[in-house]
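Down below is the structure, laid out as structure tokens.
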Amino acid sequence: MLVAGNWKMFKGPQETVSFLESFEAPAGVEIVVCPPFTSLAAAVGRGLAVYAQNVHWAAEGAFTGEISAPMLLELGVDGAIVGHSERRQLFGETDETVRLRCEAALDAGLRVIACVGETETEREAGETDAVLRRQVAAIPRHDALVIAYEPVWAIGTGKTATPELAQEAHETIKELHDTRVLYGGSVKPDNAAALMTQPAVDGALVGGASLDPDSFAEICRAAVS
Ligand code: 13P
């Protein structure tokens, strides 16, 4: 099981250090934290795997505001999230840029959590399967890559997918891509166990509930049991 905390645009270096000082990691589960870029250096070397929330496909160049895989590796960062729905919806990320970012990160030696998931409109229109197929087709096959299924309607809304619905989507993804699949979208201490006991759910990508060391630890413990 792999449990990753995506902190999004929360926690500067000081809050990052206090989180990591009070977080008690259970044994028997792979744990990843994904702080914002400016907190990565503070997080590295404190016993947990550290991933960035994005990575550019070029090693260097005229790309204002972007960060490359070699830069992350130089800091001691282990991996990166790619294609989060917030990047797809708010920052123009496309299947093609997701593919480019994944390939560059993997080639450089970073691990990758590549995100897919349908919007509420797409689900209601019966397009979930087609959307997942299109998004998964753009994601390279690699041992160091896992996919996170994050239905957009479940992110930050408190509307978690039912364990059955998550299982069904994960089965679809696994038919297309032989990899571990994490579930993300309103994972909380009280629903984590039910989601992670589904056979096709290999862990969780947690947003809001990963910001508090106790609730994140509780979710990590649910992955062990
Ligand atoms: P929430 O857990 O806050 O719904 O966020 C999920 C997410 O987007 C993780 O990447």
Side-chain angles (χ1 to χ4, degrees), residues 1-6 8 32 34 51 53-54 79-103 105-106 111-142 145-210 219 222-223:
M1 285 280 170
L2 192 167
V3 178
N6 174 11
K8 308 191 178 183
V32 172
C34 312
Y51 286 22
Q53 298 172 14
N54 191 19
I81 296 174
V82 173
H84 191 278
S85 64
E86 286 150 18
R87 300 231 46 98
R88 292 178 188 262
Q89 298 210 303
L90 306 172
F91 300 103
E93 191 83 78
T94 64
D95 291 327
E96 178 58 12
T97 57
V98 167
R99 185 180 65 74
L100 290 170
R101 291 184 202 276
C102 286
E103 284 175 356
L106 293 164
R111 308 185 70 82
V112 168
I113 299 174
C115 303
V116 299
E118 80 287 0
T119 62
E120 186 152 43
T121 318
E122 288 163 342
R123 174 159 286 273
E124 281 168 0
E127 291 166 8
T128 300
D129 198 71
V131 169
L132 293 180
R133 280 174 193 280
R134 193 197 73 226
Q135 292 178 341
V136 171
I139 294 173
R141 275 68 185 151
H142 197 290
L145 178 143
V146 302
I147 290 179
Y149 169 61
E150 299 205 307
V152 179
W153 46 269
I155 295 179
T157 57
K159 275 204 245 172
T160 323
T162 60
E164 295 71 28
L165 193 148
Q167 169 67 17
E168 192 185 319
H170 285 220
E171 279 174 5
T172 303
I173 294 166
K174 281 170 182 273
E175 277 167 23
L176 303 166
H177 199 307
D178 180 21
T179 184
R180 291 191 287 173
V181 181
L182 317 180
Y183 170 78
S186 298
V187 176
K188 307 289 174 201
D190 62 4
N191 62 22
L195 287 159
M196 285 191 281
T197 46
Q198 294 297 311
V201 177
D202 304 306
L205 181 55
V206 187
S210 73
I219 293 170

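As a basis for the values below, the full set of heavy atoms in this structure was taken, side chains included, without hydrogen atoms, waters or symmetry mates.
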Task: Spacing of Ile81 atom CD1 and Arg101 atom CZ [to the nearest 0.5 Å] - done: 13.0 Å
- [ ] Ignoring hydrogens and angles, state whether a donor on the side chain of Gln89 or Ser85 is under 3.5 Å from an acceptor on the partner side chain.
- [x] no
- [ ] Would you give the length of the straight line joining atom OG1 of Thr179 to atom CD1 of Ile113, rounded to the nearest 0.5 angstrom?
- [x] 10.5 Å
Task: Residue pair Ser210 / Asn6, side-chain heavy-atom distance below 4.5 Å - done: no
Open item on the list: What I'd like to find out is whether the side chain of Glu118 reaches to under 4.5 Å of the side chain of Trp153, using heavy atoms alone.
Closed with: yes
Open item on the list: To the nearest 0.5 Å, what is the distance between NE2 on His142 and CZ on Arg111?
Closed with: 9.0 Å
Task: Distance (rounded to the nearest 0.5 Å) between Leu165 CG and Gln167 CD - done: 10.5 Å
TODO: Provide the closest heavy-atom pair for Lys188 versus Ala209 in the form atom of the first, atom of the second, distance.
DONE: CD-CB, 4.1 Å
Open item on the list: Testing the basics here: between Thr172 and Asp129, what is the closest heavy-atom pair and its distance to 0.1 Å?
Closed with: CG2-OD1, 3.3 Å
Open item on the list: Quick test of your reading: applying salt bridge (charged side-chain N to carboxylate O under 4.0 Å, His left out), list the pairs with at least one residue in residues 173-187, sequence neighbours left out, ordered by first then second residue.
Closed with: Glu30-Arg180, Lys174-Asp202
Open item on the list: Regarding His84 and Gln53, do their side chains bring together a donor and an acceptor under 3.5 Å, going by distance alone?
Closed with: no
Task: Set of side chain to side chain donor-acceptor pair (under 3.5 Å) partners for Glu96, sequence neighbours left out - done: Arg99
- [ ] Working to the nearest 0.5 Å, report the span between CD of Gln198 and CD of Glu171.
- [x] 9.0 Å
TODO: List the atom of Asp95, the atom of Ala138, and the distance in Å for their closest heavy-atom pair.
DONE: O-CB, 3.5 Å
TODO: Pick out which of Asn54, Thr97, Val98 makes a side-chain contact (heavy atoms from CB on, under 4.5 Å) with Arg87.
DONE: Asn54
Open item on the list: Please report the interatomic distance CD1(Ile147) to CD1(Ile139), rounded to the nearest 0.5 Å.
Closed with: 4.5 Å
Task: Beyond-backbone contact of Arg88 with Val152, side-chain heavy atoms, under 4.5 angstrom - done: no
- [ ] May I ask you to test the Lys159-Ser186 pair for a side-chain heavy-atom distance under 4.5 Å?
- [x] no
Open item on the list: So which atom in Tyr183 and which in Ala161 form the shortest heavy-atom distance, rounded to 0.1 Å?
Closed with: OH-N, 3.1 Å
TODO: Verify the neighbour count for atom CD of Glu168: are there more than 12 heavy atoms of other residues, nucleotides or ligands below 6.0 Å?
DONE: no
